[in-house]
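Okay, structure first, notes after.
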Protein chains: 2
Amino acid sequence: MNKFKQIFHDLKLKIQNKEYENGTYLPSENELAKQYQTSRETIRKALNLLLEHGYIQKIRGKGSIVISPKQFNFPVSGLTSYQELVASQHLTSQTTVLSNNLIKTIDTIKKHSELTSPNGLRYIKRQRWLDGSPVIIDHDYFHPDIIPEIPNEVAEQSIYEYLENSLGLAISYATKTITVEAATQDDVTYLGHQDYVVVVRSDVYLEDTQLFQYTESRHTIDKFKFVDFARRRHN
Amino acid sequence: MNKFKQIFHDLKLKIQNKEYENGTYLPSENELAKQYQTSRETIRKALNLLLEHGYIQKIRGKGSIVISPKQFNFPVSGLTSYQELVASQHLTSQTTVLSNNLIKTIDTIKKHSELTSPNGLRYIKRQRWLDGSPVIIDHDYFHPDIIPEIPNEVAEQSIYEYLENSLGLAISYATKTITVEAATQDDVTYLGHQDYVVVVRSDVYLEDTQLFQYTESRHTIDKFKFVDFARRRHN
DNA sequence: TAGTGGTCTAGACCACTTT
DNA sequence: AAGTGGTCTAGACCACTAT
């Protein structure tokens, strides 16, 4: 692994383990460069990762101060899969696969996504359970030239893990929207009676900028919570 | 201004003006270093900003490809004020100040925020109008030692502009949550009949890590849309 | 004045893609 | 083999904070 990522991980662990306590300063960049036997610019790359992830705040002329005591409960922020969320939050979860088949491109997708294909799309519909209640309906549409098929056992576990590790795909970025909409008949069927649902729509791209997936994730409003850490941009 | 920010702005403009078209490659980093008479590392800092903002995608061995045709409609993402949003989206908007006074810390804040002060808090309540309809109720709480008072004329315009330019405060980062909750009687009074509202809660911090503001922003669900650009983290 | 983080440089080596 | 982006270095100068 890269040196600056190693240092980032090491410092992150030390912060989480309270070796560097909240409100105190890290050693200076020059000091860290000595400690890790590296150059200052490399230290700065590691500190930038800590900064972006909300672990430290840098103050010019003073130093880098630890600011992150809190665990984020439910970070839909960033590009994280449902399975990774569940794992990081130690939740007990179940997934029921409702559909897994090839479909023709349907008009409802076109309203929200650029994803199309002459050969149709692979469609997977899943119901997510938390603590015995259904809380999310996921509709996933994949480009069939990139993802020919997805076994049901994979759909019940982590599709992203399968795509990245088994198929070797490099998932890179996504554009997403969050809105609140009236529940459809289908939502009610699989989530129980709801007036409204939170809808998270994502177009997901590979490293080579190919659009390969569109996802519509429909949440019950009572279990939905989006948590974010944001920095003010001064550009 | 810094060289790398200048270059970032310049490239961003050229992308927006289609001088570098969507799907095409930027000149290589070495080429750009020559063009801008600078070092490659400085070019790379500028390109990193483009990357974070979703303007380009870098592909190893190939180059940096332009990926951003779309304008983001309503980026609540990042740390942007309502006024800046309105300006960037060319919306016509009005603000009504409903309250602007000093209050004792109330328990409802403590549930959601760390913000406290022995001298009470400055409280501002505002109603936001878009195209003739009330769409947001903002409840802002400020630490009075940092922000002694805010004129009503300022509250009707941009408080952030006032804090940053007139008071010289450096707003740095925030933690925020988004949930959907049952509308209160107060919401109905100022937003019209609603069953539910989208609630955005933020703790806002200064550069020196002082918590100085807690905001509760209550949106009508029909006008709420959160748009985000997210990169997958491989740490 | 000394220490801190912010910027910038010129060069090096590497992994990857293309020809 | 040549070109690309990814990493790393050793040093420089600056703006800011503290004493």
Side-chain angles (χ1 to χ4, degrees), chain A residues 1-11 20 23-52 55-67 168-170 172-173 206-210 231-235, chain B residues 1-11 20 23-52 55-67 168-170 172-173 206-210 231-235:
Chain A
M1 181 152 33
N2 308 322
K3 202 179 276 191
F4 75 91
K5 285 188 186 169
Q6 291 239 358
I7 296 171
F8 161 65
H9 273 120
D10 191 60
L11 291 173
Y20 294 126
T24 67
Y25 286 93
L26 294 184
S28 75
E29 295 180 350
N30 281 315
E31 175 59 29
L32 287 171
K34 272 185 211 159
Q35 283 184 22
Y36 286 99
Q37 283 288 305
T38 185
S39 71
R40 200 179 137 218
E41 283 288 7
T42 299
I43 292 295
R44 285 178 58 73
K45 283 185 186 167
L47 293 185
N48 267 338
L49 285 179
L50 290 173
L51 192 77
E52 286 170 20
Y55 287 99
I56 63 171
Q57 171 72 354
K58 298 182 118 192
I59 305 178
R60 210 213 294 263
K62 299 183 78 174
S64 299
I65 190 168
V66 178
I67 59 169
L169 295 175
S172 185
Y173 60 95
L206 298 177
E207 211 166 51
D208 63 0
T209 77
Q210 272 191 98
R231 284 193 177 275
R232 183 142 174 88
R233 298 185 188 276
H234 292 281
N235 308 311
Chain B
M1 182 153 34
N2 308 322
K3 201 179 274 192
F4 76 89
K5 286 188 185 169
Q6 291 239 0
I7 296 170
F8 161 64
H9 273 119
D10 190 60
L11 291 173
Y20 294 125
T24 67
Y25 286 93
L26 295 183
S28 74
E29 296 180 350
N30 282 315
E31 175 59 28
L32 287 171
K34 272 186 211 158
Q35 283 184 21
Y36 286 99
Q37 284 288 306
T38 185
S39 71
R40 198 178 141 221
E41 283 287 9
T42 298
I43 292 295
R44 284 177 58 73
K45 283 186 187 166
L47 294 185
N48 267 340
L49 285 179
L50 290 173
L51 193 76
E52 286 171 21
Y55 286 99
I56 63 170
Q57 171 72 354
K58 299 183 119 192
I59 306 178
R60 207 213 295 263
K62 299 182 79 173
S64 299
I65 190 168
V66 178
I67 60 169
L169 295 176
S172 185
Y173 60 93
L206 298 176
E207 210 166 53
D208 63 1
T209 77
Q210 271 190 98
R231 286 194 175 274
R232 184 144 173 87
R233 297 185 189 276
H234 292 282
N235 308 312

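For the numbers below, each heavy atom of this structure counts, side chains included, while hydrogens, waters and symmetry mates do not. Letters A, B, ... mirror the listed sequences (proteins, then strands); counts begin at 1.
Summarising the geometry, the separation between CG on B:N2 and C1' on C:dC8 is reported as 10 Å, rounded to the nearest angstrom. Rounded to a whole Å, the CD atom of A:Q37 is 14 Å from the C1' atom of D:dC8. Across the protein-nucleic acid pair, A:K5 atom NZ and D:dG6 atom P stand 11 Å apart, rounded to whole Å. Remark: P of C:dC8 and CG of B:L47 are 14 Å apart, rounded to the nearest angstrom. Here the P atom of nucleotide C:dC8 and the CZ atom of A:R44 are 11 Å apart, to the nearest Å. In this entry the distance linking CD of A:Q57 with C1' of C:dT4 reads 15 Å, nearest Å. Between A:D208 atom CG and C:dC16 atom P the separation is 16 Å, expressed in whole Å. Regarding B:Y36, its OH atom lies at a distance of 18 Å from the C1' atom of C:dT7, rounded to whole Å.
The salt bridge (Lys or Arg N to Asp or Glu O under 4.0 Å) with A:E29 is formed by just one residue from the set A:R40, A:K34, A:R60; it is A:R40.
Taking the salt bridge (charged side-chain N to carboxylate O under 4.0 Å, His left out) definition, one finds that A:D208 meets it with nothing, sequence neighbours left out. In terms of the salt bridge (charged side-chain N to carboxylate O under 4.0 Å, His left out) criterion, A:E31 has no residue partners (sequence neighbours excluded).
The closest side-chain heavy-atom distance from A:L11 to A:I56 is not below 4.5 Å.
Here the CZ atom belonging to A:R44 is positioned 6.0 Å from the CD atom belonging to A:E41, to the nearest 0.5 angstrom. For the atom pair CD1 (A:I67) and CG (A:L51), the distance works out to 7.5 Å, reported to the nearest 0.5 Å.
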(request) Indicate for each nucleotide in nucleotides 11-19 of chain D, in 5' to 3' sequence, whether protein heavy atoms under 4.0 Å reach the base (B), only the sugar-phosphate (S), or nothing (-). (result) -B---BSS-
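When all heavy atoms are compared, the tightest approach of A:T42 to A:F4 is O-CB, 3.6 Å.
In this structure, B:P27 and A:F4 both approach DNA chain D, and ranking their closest nucleotides by distance from the 5' end singles out B:P27.
Taking 4.0 angstrom as the limit, B:S64 places none of its side-chain polar atoms (N or O) nearer than this to OP1 or OP2 of D:dT4. Using a 4.0 Å cut-off, no side-chain N or O of A:K58 falls inside it from OP1 or OP2 of C:dT4. For D:dT9, one of the phosphate oxygens OP1 or OP2 lies less than 4.0 angstrom from a side-chain nitrogen or oxygen of A:T38. Dashed line: the shortest gap from a side-chain N or O of A:K45 to OP1 or OP2 of D:dG6 is not under 4.0 Å. In this structure, A:S39 does not reach the D:dC8 phosphate: none of its side-chain N or O atoms is under 4.0 Å from OP1 or OP2.
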